[in-house]
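Read the structure below first, then the notes.
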Amino acid sequence: MSIFLDFDGTITTEDTVTHLANFALRFQSDRQLHDGDSSVRGASSSSTSAQLQDAHSSEDPVQEGARDLSSRWDDVVRAYISDYKSHVSSYAPRAEDRECVEDEIAFLRSQKHVETRSLERINNCAVFRGISRDAFSEAGRELVRDGTVRLRPGFDGFVRAALAKGWRVNVVSVNWSASFIEGACGFSEGEIHVVANEVREGDGVVLGPGALAGNSLLADDSEHPSREQEARNLTNSCDKRDAVREVRRIHDAQDKPFFYFGDSTTDMECLLEATRGVVIADDETSTLIKTLRRVGKRVPHVRDAEASEALVWASNFEEVMHSMFDLP
């Protein structure tokens, strides 16, 4: 048995990408402040009058640099929202006319270019430059410790019970940092297996899973991939489906049952392919639940589901443990 879980909104109660970006902005600001202090100490031999004149003639370059990066990041976010809204508004058929699974999947896959352009902007912004894997991991742990990021009730117990049964637990995410996810989940190395994008420390470029270790999970499917883009980034529903398939192939588990847990339409292809798909949602107004029902899928609450139901929903992992699995 294999378990696959999405991270943002599934393991956590809400999306964490804003918190991840804010961590990166604070990191860069602190680094600029440290570098600025070093520069001031190195310039102590210059005349006091010259330093005072410089101070009055221009703004603190450290503060200016931090504001510039924050402004560029805001531009990245605005551009993504604009791209996404433009794509959705121009796509045909419209949501209300997509009444079958195939039409909805075609729409989800059509967003790949929107996500790819956004990644290019993120890389050009260099907000993640110089941040190590350890720093990302510690950021994930700290944000959970201080309550900024909250894990859904029962997550820790569910994973530990699954591991005790010998099940492999995987996290598959379009998040920018696998290390951040590992830190937030809070398990020891090797207990859970995270498949997600990774940040190259030197330049802050977001690469596909496995690229940093030279063992890319997914090959780039473009006609002329650049050397830096030979590993396909995880950005959409098709990428996640391919990642799950590849993990199962590597571990010779293609014919074995697996469960998938997800909260958004990015998880839809994986949920439909799983032996049993579990939608994690606060209530039935979830966009994913409404989308699945619109295309003809039954999605009962886990407590009301028959054993043969392919899709169910639950609001946390305590409900899952009590209703689906023989777990303590």
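All residue numbers in this chain count up from 1 along the given sequence.
- Every residue two or more places apart in sequence or in another chain was checked for a side-chain hydrogen bond (donor to acceptor under 3.5 Å, both in side chains) with R94, and none qualifies.
- Sorted by first and then second residue, the side-chain hydrogen bond (donor to acceptor under 3.5 Å, both in side chains) pairs with a member in residues 269-281 read R109-E269, S237-E269, R245-E273; sequence neighbours excluded.
- The pair D75-R72 fails the salt-bridge criterion, with no side-chain N (NZ, NE, NH1 or NH2) lying under 4.0 Å from an Asp/Glu carboxylate O.
- Here CG of L25 is found 7.5 Å from SG of C125. Values are rounded to the nearest 0.5 Å.
- Heavy atoms only, all atoms of each residue included: L288 and L271 are closest at CD2-CD1, 3.6 Å.
- Within the structure, every pair that satisfies the side-chain hydrogen bond (donor to acceptor under 3.5 Å, both in side chains) test and touches residues 124-145, not counting sequence neighbours, is listed here: S137-R141, E138-R141, E138-R145, E142-R145.
- Looking at D267, its side chain does come within 3.5 Å of a backbone N or O of S264 through a donor-acceptor pair.
- Using a 4.5 Å heavy-atom cutoff, the side chains of V76 and R121 are in contact.
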Derivation and outcome, salt bridge (charged side-chain N to carboxylate O under 4.0 Å, His left out), residues E120 and R117: CA-CA 5 Å; E120 290 173 355; R117 281 203 298 264; over 6 Å; no
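- Every side-chain contact (heavy atoms from CB on, under 4.5 Å) that V88 has, sequence neighbours left out, goes to Y84, F107.
- Between D263 and S286, every side-chain heavy-atom pair lies at or beyond the 4.5 Å cut-off.
- Listed by chain and residue number, F325 satisfy the ring pair (Phe, Tyr, Trp, His ring centres under 6.0 Å) test with F259 (two or more places apart in sequence, or in another chain).
- Within the 4.5 Å cutoff, no side-chain heavy atoms of F155 are placed close to those of F261.
- Sorted by first and then second residue, the pairs that involve residues 147-157 and meet salt bridge (charged side-chain N to carboxylate O under 4.0 Å, His left out), not counting sequence neighbours, are R152-D282, D156-R160.
- Here S110 pairs with H87 under the side-chain hydrogen bond (donor to acceptor under 3.5 Å, both in side chains) rule; sequence neighbours left out.
- Interatomic distance, NE2 of H19 versus CZ of F180, reported as 8.0 Å (0.5 Å rounding).
- Residues passing the ring pair (Phe, Tyr, Trp, His ring centres under 6.0 Å) test with W176 are W73, F128, sequence neighbours excluded.
- Taking N22 as the reference, nothing meets the side-chain hydrogen bond (donor to acceptor under 3.5 Å, both in side chains) condition, with sequence neighbours excluded.
- Counting heavy atoms from C-beta outward, F4 and K240 have side chains that stay 4.5 Å or more apart.
- At a cut-off of 3.5 Å, with distance as the only test, a side-chain donor of D146 or T148 sits close to an acceptor on the other residue.
- Note that CZ of F136 is 11.0 Å distant from CD of E198, once rounded to the nearest 0.5 Å.
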Would you tabulate the side-chain donor-acceptor contacts of residues 184-196 under 3.5 Å, counting partners in other chains and residues two or more places apart, or write 'none'?
from, atom 1, to, atom 2, distance (Å)
E191, OE1, S188, N, 2.8
H193, NE2, R168, NH1, 3.3

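- Among residues two or more places apart in sequence or in another chain, the side-chain hydrogen bond (donor to acceptor under 3.5 Å, both in side chains) test is passed with Q28 by R31.
- Between N236 and L108, every side-chain heavy-atom pair lies at or beyond the 4.5 Å cut-off.
- With N316 contributing its side chain and E318 its backbone, the two residues share a donor-acceptor pair below 3.5 Å.
- Checking side-chain atoms of R293 against main-chain N and O of V299 turns up a donor-acceptor pair under 3.5 Å.
- With hydrogens and angles ignored, the 3.5 Å screen pairs no side-chain donor or acceptor of R294 with any backbone N or O of E96.
- Listed by chain and number, the residues in a side-chain contact (heavy atoms from CB on, under 4.5 Å) with R303 are H301, S323 (sequence neighbours excluded).
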